[in-house]
Amino acid sequence: MTTKHLYLLLIVALLGIGECFAQRNIITPVPWECEWGDKTLPLEKPLNLYFADKIENRESLIKELRDMGIAFKEVRRPARKNCINFGPGEGAWNSLEAYTLDITEEGITIDACGEAGYYYALQSLKQICAEYGVSGELPECHIYDSPRFDYRGVLIDISRHFRSVEFLKRQIDVMASLKMNRIHLHLTDAAGWRIEVESYPRLSSYAAWRTPHSWKEWWMGGRQFVDEGTEGAYGGYLTKAEAKELVAYAAERYITIIPEIEMPGHSDEVIAAYPELGCSHHPEHQGDLCIGKEVTFEMMQTILDEIIEIFPSEYIHIGGDEAGKSSWVECEDCQRRMREEGLANVDELQSYMIHRIEEYLNARGRQIIGWDEILEGGLAPNATVMSWRGEEGGRAAAAAKHSVVMSPHAYCYIDAPQDAPYSQPESIGGYLPLEKVYSYEPTPETMDRSVAQYIMGVQANLWAEYIVTDEHYEHMLWPRAIAIAEIGWSLPEHKDYALFRERAVRIVDDMIARGYTPFDLKNEIGNRPESLESIDHLAIGKAVEYLYPSFYYAPKYAAAGDATLTDGLRGTWTYADERWQGFLGRGGVDVIIDMGEVTHIESIAADFMQICGPGVFMPCLVEIWGSTDGKNYTLLTEIEHEVILDELPSFKSFGWKGSTEARYIRYKAHRSRYTGFLFVDEIVVK
Ligand code: ACM
Ligand code: ZN
């Protein structure tokens, strides 16, 4: 129990309140204000159900009551006893999503000023009923609740691997129960186009199908598409009717689906289907649309006409990320466009396209969202920015009075492993456990309030390169998206990881009981044990000389610079924790530690990791040498290691044990034939 809990208990004891907020740790996301009392509402008889006249979404509310198993009968007037009354929502409210929920001995009263508010009140009631049972007694409570941010979303990537409407609906059900309100549907990317477009049928009859199921195999093996119906074709797309059905299903649950149509980068599949949209007319491995040709705008605008007809969302995501931009330099059409428009560089060329597309969509009553690269070359006047490479783009856009959705990869990219990498399926990126996601703060105290007011919300992104099956997708999505729901909804002063985790475990257990396949949080292994405490050894603080200066550690993975390998800090499960030092290049690791004086040494060892997804490999050979004078070295050991591609993530120590006298220790780790990083955290000398 934390000091905060003890303090709360003391207040509760002094005030004589029956049970305090923290003692009934039931509702996720944590409500704005929630008080529990001693009395109870028995649920023996059907409740008298009354709706104030203005309430239109009665059918949906009745369905929710039925789903939670509450017995009721509708009445014409608000009853005083044994009732469930939905009030008229008079007075001032913070938000159309806000609600009050009161449970007393007499009954349940729910009030809200918007339809979503009534719906969200029932999501909270559902969680209370799940805890206390609908045939027993509900505890007295008063809840006032309102969201912290307007935008609480998840990106679902159905491009790399197609997912069915049924699968998406199942995720919508969970999201709605957590008061999440946006799905960013990543419909298009290099690996597949996933929405029917009548004007350009080859997008779905060709660019939605390939033969390898594995994305990696497809990516490495030529990135070919096949015609729909070809034997062994793998993929799929949403028909317009299916997409509309999905939009309606989500809307009934107060979730807006924001479609993403990527441009000008990540468009390999468009160019494969319609080569005239590429700069050179050669579809092979071209990812950027040609911005010089008018046909590009004709096609993208026609596609957007069809998209906005399906998706009523105010926002349309137009991508904007990771364009290679190199084909534009060579392309006559792009160069002509730059001359004619007075564009100084390729960043401005991309910005030209985004401006035109924004104008086109604004004229049709829609707004654009783009990844933070749309800042480069000049931001379109009304664009909303989704900040993914970090928070800097989001901050810059907000400072310029543009709305921003925060989704920085270090906290929100839930395609990374959430537990000890060896226990998890292959994935991209470093260790991102639930606790780290939960620790994310979109508008920290250090952010100027004039900037913070433009932060519209937060989003988890679940890219699917390595996620073939639905089960795996759910495993990655839940419970980490629950943390995003709570960050997006609850006040920062209510943040408490221990309490959140208890609730998350219950939600996960309930999901498993209902046939979902979330990561089973109660069996979490946790962080790398070695990283939890610093280690004491003879080389702490000793100088390290890096040999092969041209193959120095990579600046991005410098960790603590030259001090890293003798600072006593061991790495976590992720190479991106600024404890592991990353070496890229043919030289591998080659360092000399100067112990300062001749020292009696009995062991020398260093750990390496292998995580093939992001290209991190073990060395194939380690040599450890000792010297008293720094000139004449004796080989203490030579360790060979067979590096196996595609093996499960692993951590391994390469060391020597014995007895020697040395002042200088040379530790040399050779890279294998696989291109990628060597990571090492500490050279431990004893
Ligand atoms: C992104 O992850 N390229 C938005
Ligand atoms: Zn071009």
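Start at 1 and go down the list; that is how both ligands and their atoms are numbered.
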Under 6.0 Å from the CG atom of Asn527, do we count more than 12 heavy atoms belonging to anything else shown? yes
Among protein heavy atoms, which lies nearest atom 2 (O) of ligand 1, and at what distance? Tyr413 OH, 2.7 Å
If we number the atoms of ligand 1 from 1 as shown, the ones under 4.0 Å from a heavy atom of Trp463 are 1 (C), 2 (O), 4 (C)
Tell me if the CD atom of Glu578 is crowded by more than 12 foreign heavy atoms within 6.0 Å. no
of all protein heavy atoms, closest to atom 3 (N) of ligand 1 is Asp321 OD2, 2.7 Å
What class does the angle between the rings of Tyr473 and Phe167 fall in, given that below 30° is parallel, 30 to 60° is tilted and above 60° is perpendicular? perpendicular
Would you say ligand 1 has an N or O under 3.5 Å from any N or O of Glu322? yes
Geometric class of the Tyr413/Trp388 ring pair [parallel <30°, tilted 30-60°, perpendicular >60°]: parallel
Angle subtended at the Zn ion (ligand 2) by Cys331 SG and Cys279 SG, to the nearest 10 degrees, is 100°
Kindly state whether the ring of Trp371 and the ring of His184 have centres lying under 6.0 angstrom apart. yes
